[in-house]
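Following: one structure in structure tokens, then a few remarks.
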There are 2 protein chains.
Amino acid sequence: MTTIRDVAQQAGVSPATVSRVMNGLVGYTDATRQRVEGAIKKLNYEPDSLARTLKTRQTSVIGLLAPMVSDALASEVMRGVEDAARERGYAVMLGRTGVKSTFIAGYLRTLRTYRAAGVILISAVITPEMRQLLGPAIPIISVAISDNSGSPSVAINDELAAYDATRYLLKLGHRRIGLLAGDPVSVFVAQPRQRGYERAMIEAGCATVTAAGTFFYESGAPGLAQLLQQDPDLTAIFAMSDEMGAAVVNELQKLGRRVPEDVSVLGFDNTSTSQHVHPALSTIAQPLEEMGQIAVRKILRSRDLGPRVVQHRLIKRGSTGPPRASS
Amino acid sequence: MTTIRDVAQQAGVSPATVSRVMNGLVGYTDATRQRVEGAIKKLNYEPDSLARTLKTRQTSVIGLLAPMVSDALASEVMRGVEDAARERGYAVMLGRTGVKSTFIAGYLRTLRTYRAAGVILISAVITPEMRQLLGPAIPIISVAISDNSGSPSVAINDELAAYDATRYLLKLGHRRIGLLAGDPVSVFVAQPRQRGYERAMIEAGCATVTAAGTFFYESGAPGLAQLLQQDPDLTAIFAMSDEMGAAVVNELQKLGRRVPEDVSVLGFDNTSTSQHVHPALSTIAQPLEEMGQIAVRKILRSRDLGPRVVQHRLIKRGSTGPPRASS
DNA sequence: TTGTAAGCGTTATCAG
DNA sequence: CTGATAACGCTTACAA
């Protein structure tokens, strides 16, 4: 391994000078700079991040905790994080949530010993334990979920997004709209979305019909059954995830109902799954990749922490249309 | 930050002794061990990985390069890698392939300066440049792809898997089986699979019908069109990815052909996508998570490098059945 | 402008 | 069995 000393010797200067040149500090002649740069190039020298971090306490890693289960969403966010981090010279260290909390504690400790610049948490809320484990120096931010504690976060306004989605179906002429909710445990995603749906329905004078799912594909079919049991004449289903939406589309066709002629289906997230059914799912898009980038920027500018709301977008595809009666 | 000195002071011993206790070396009485352990616990001390690595040159990070595009596959592998790494006290550093090669060069340099224990490459081949960039000390291994260079790898036997898949369709009674291939650029995945298909078809005295796709969903419909143009009476389609398989199922139904009554469809990979269509895709499973774990183990036991073949498995679901004529 | 020297938090060698 | 002490590769006062 070639060290700063080797370079210094090669260039006929002291290690300190080499360091100065590398870090663009002042205090050397142009001639020595050139000699040093020549030596660096010649020896193909690369400074040791570890030693540097040990000394300066300035780190170059960002921690990323993702739930590697329902992945399409996390995957998009990760792409944004990875891009933004690399651009700025940061490395990304990966961990999984959705595992035992002792694991995530261990992971946070590792990040602390690596003096991470910050931690990004996908689809999970920041707990006081996490905050405490990281210590005051390391910021943590959540993505795609916003508790109302004022913790740093990047997320859409879930309540408003669901409200807009429901309004869209109402405007198409639907009155009997069922909601296939996500895991009710997920207080900060499923609940605001449900509130948004209810608000729109109530404003329009329509009755609400809801069933609880898990966000996963498997819960789509039983959820649909529950909804149809409550109201067999539903003309639209709003699912809180594309996976459930896709399952609903498939299941409806199995039951002999056409989409969207008999029943419209609307998904959520605009993950690739939404394109994997026919007709393709209309859905609410979150700017996931951008959210990952924003999270990195916020972490690195540690002042602007606090919640950041990004815009959702309605994407119209083949799975929604006006209801039978009004067409 | 609490250091080894703080612990030493608290326990009334020297830093050296604390280090000995932590690392389970010999040379201290039971009494001092207990005092040290007490101090560690009391101060909630965590040794600094950076300083430790700087000194010992033994690292605790593993690099992971994944193509974050056609993600379901990579995601499963990543889960296995992450699990196995964590179990052994290693952190995972994430990078993306499929970006500019200068980026991946930079990424490998970063890994070298972090003294990574090794690098795992998903769905990509190890180039001589990569090997050179990492230097002789850091092993690199590819997962889910096997060039024939003898480089370290963990993969199924793609030729055999495709052969078995085709044999399965033949045994069901199909004779007109179309192959929807992946990106032909992917020499070490698409090509062996195509050879396996051709071998089985030729052995059975059947004509081969192939079209080239991209592995992605979008290429499914045009690929199917190409196949049907060559032989409108195909009774089975073997797609080299679940995504293309799913697209074929959806497209067939759009064309008014029933699956599997009119046409059987077989996918590849057993990713979640295979369950997102109705009927669910029969497919060839790769033990992706296990492959990730094996990769970590191989990296950490740097002797058993070299290609490792794991078993594929045929998974029968609703998308395949006997052809019309023979039923 | 440049070099010397003292650390950053560990571990390893060598005395005691 | 234990404690000084010297590295690991880098940065940064402080001197020159």
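- Axis angle across the helix from dT1(C)-dA16(D) to dG16(C)-dC1(D), with five pairs used at each end and values rounded to 10°: 50°.
- Looking at which nucleotide of DNA chain D each of T32(B) and P15(A) is closest to, the 5′-most match is held by T32(B).
- Taking only distance into account, the side chain of R57(B) never meets the base of dG9(D) through a donor-acceptor pair shorter than 3.5 Å.
- The minimum heavy-atom distance linking K298(A) with S153(A) is given by the pair CE-O, 4.0 Å.
- Across all strands, R33(A) comes closer than 4.0 Å to no nucleic acid atom at all (heavy-atom distances).
- Protein chain A contacts DNA chain C from dT1(C) to dG9(C), reading 5' to 3' and using non-hydrogen atoms of the protein with a distance under 4.0 Å.
- As a whole-Å value, the separation of R35(B) CZ from dC1(D) C1' is 12 Å.
- The distance from atom CZ of R5(B) to atom C1' of dA4(D) is 11 Å, rounded to the nearest whole Å.
- The interatomic distance linking R20(B) (CZ) with dA4(D) (P) rounds to 11 Å, in whole Å.
- Rounded to whole angstrom, the span from the CZ atom of R115(B) across to the P atom of dC8(D) amounts to 11 Å.
- For the OP1/OP2 pair of dG9(D) and a distance below 4.0 Å, the side-chain nitrogens and oxygens of Y114(B) include no atom meeting the criterion.
- Side-chain nitrogen and oxygen atoms of T17(B) include at least one within less than 4.0 Å of the OP1 or OP2 phosphate oxygen of dG3(D).
- The 5' end of DNA chain D is approached more closely, in terms of each residue's nearest nucleotide, by L50(A) than by the other of L50(A) and Q58(A).
- The distance from atom CD1 of I4(A) to atom C1' of dT12(D) is 11 Å, rounded to the nearest whole Å.
- Between A51(B) and A16(B), the residue anchored closer to the 5' end of DNA chain C is A51(B), taking for each the nucleotide with the nearest heavy atom.
- Side chain to side chain, Y114(B) and T53(A) fail the donor-acceptor criterion of an N or O pair below 3.5 Å.
- Spacing between atom CG of L54(A) and atom P of dT11(D) amounts to 11 Å, rounded to whole angstrom units.
- As judged by a 4.0 angstrom heavy-atom cut-off over every strand, T53(B) is placed among residues making no nucleic acid contact.
- Of the side-chain N and O atoms in T3(A), none sit less than 4.0 angstrom from OP1 or OP2 of dG9(D).
- The N23(A) side chain lies nearest to dT11(D) when the options are dT11(D), dG9(D), dG3(D).
- Here E37(A) does not pair with K41(A) in a salt bridge; the nearest charged N to carboxylate O distance is not below 4.0 Å.
- Contact annotation for V13(A): backbone-only contact, meaning every heavy-atom pair under 4.0 Å involves sugar-phosphate atoms and none involves a base.
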